[in-house]
Amino acid sequence: MELTKRQEAILEIVRSNGPITSEQIADRLSLTRATLRPDLAILTMAGLLEARPRVGYFFSGKSPNRIVAQKLRRIEVGTVMSRPVVVQDDSSTHDAIVAMFLEDCGTLFVVDEQGLLQGVVSRKDLLKLNMGGPQDLQKLPVGIVMTRMPNIVTVEAGDSVWTAAKKLVVHEVDAVPVTRRVARSDGKDGLEVVGRLSKTNITRLFVELGEST
Ligand code: ADP
């Protein structure tokens, strides 16, 4: 959040002199208490100052950046994710390209007949196919180009968006499947795909957070 010059001055007074009453802050700034009231309310609501009755204001020790960080760590992937776009593992690369265009999404998740995650196909994977010369995309199965389990980076709906965004950056991928661990029919574990978290979701959230006051 951006603070006004007066709010910065109040923070500094409280940081060096707290706990301090609103009268004392007003005296130091040669202003009236009434003038300061909206600023004190904003600084308290933002979590930068804390107020105790009969004691006064004191500095919460939280910087504005730390407050933003705390907020990001509280927002769960499940609240910002998109619907997953999946193709079956016996689809052709041509089907994958069509799905990408029809669904307007750059990353597809490949699932088996039980709907469990097998791999990821990105735009670049499909472009790579063309490098070796013309191919019959109807005949080439998607499994040829996809990145396979267990090398898929995933998140869960209850993870924080910060954790998910960090994975996108560290692993240099555009999207991660949001998954839930389930028992497969053969008794082993598998990952059911419940959503998609992409750089677009993070950018949208960033814009929303920037709009809120
Ligand atoms: P693009 O092809 O649009 O640049 P990415 O940067 O997301 O897409 O993909 C780069 C490579 O990483 C591709 O080979 C893709 O298969 C793989 N990939 C994409 N998403 C994941 C993921 N969540 N986990 C593991 N590998 C992935």
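Starting from 1, each residue takes its place in the sequence as its number. When a ligand or atom number is given, it counts from 1 through the structure's own listing order.
A salt bridge links R15 with E12; the closest basic N to acidic carboxylate O contact falls under 4.0 Å. Salt bridge annotation for D112-R184: absent, with no cationic side-chain nitrogen under 4.0 angstrom from a carboxylate oxygen. A salt bridge is absent between E156 and R181; no separation between the charged side-chain nitrogens and carboxylate oxygens falls under 4.0 Å.
Among protein heavy atoms, atom 17 (C) of ligand 1 sits closest to T147 OG1, 3.5 Å. The shortest contact between atom 7 (O) of ligand 1 and any protein heavy atom is with D174 N, 2.8 Å. Taking atom 22 (C) of ligand 1 as the reference point, the nearest protein heavy-atom neighbour is V153 N, 3.8 Å. Looking only at heavy atoms of the protein, atom 25 (C) of ligand 1 is closest to N151 O, 3.3 Å. Ranking protein heavy atoms by distance to atom 11 (C) of ligand 1, first place goes to S122 OG, 4.3 Å.
Residue V173 holds the heavy atom nearest to atom 12 (O) of ligand 1 of all those in V173, L108, D125.
L40 and S22 make their closest contact through CD1-CB, 3.7 Å (heavy atoms, listed as atom of the first residue, atom of the second, distance).
Under the 4.5 Å side-chain contact rule for hydrophobic residues, V85 and V193 do not share a cluster. Clustering ILVMFWY residues whenever any of their side-chain heavy atoms sit less than 4.5 angstrom apart, transitively, puts L137 in the very cluster that holds V87.
Contact atoms of ligand 1 toward V176: 23 (N) (distance under 4.0 Å to a heavy atom of the residue). Of all atoms in ligand 1, listed by their number and element, those nearer than 4.0 Å to a heavy atom of E172 are 6 (O). Under a 4.0 Å criterion applied to the non-hydrogen atoms of I152, ligand 1 contributes the atoms 24 (N), 25 (C). In the vicinity of V120, heavy-atom distances shorter than 4.0 Å reach the ligand 1 atoms 16 (O), 19 (C), 20 (N), 21 (C).
Contact annotation: H171 has no heavy atom less than 4.0 Å from any atom of ligand 1. Heavy-atom distances between P177 and ligand 1 reach below 4.0 Å in at least one pair. Residue A175 places a heavy atom less than 4.0 Å from ligand 1.
At a 3.5 angstrom cut-off on N or O pairs, T107 does not count as close to ligand 1. Distances between N or O atoms of M146 and those of ligand 1 include no value under 3.5 Å.
One N or O on the side chain of Q7 and one on the backbone of T4 form a donor-acceptor pair closer than 3.5 Å. A side-chain donor-acceptor contact under 3.5 Å links K167 to the backbone of T154.
With a 4.0 Å heavy-atom cut-off, ligand 1 is reached by no atom of T154.
Surrounding CZ of R28 are at most 12 heavy atoms belonging to other residues, nucleotides or ligands under 6.0 Å away. Atom CG of D186 has more than 12 heavy atoms from other residues, nucleotides or ligands within 6.0 Å.
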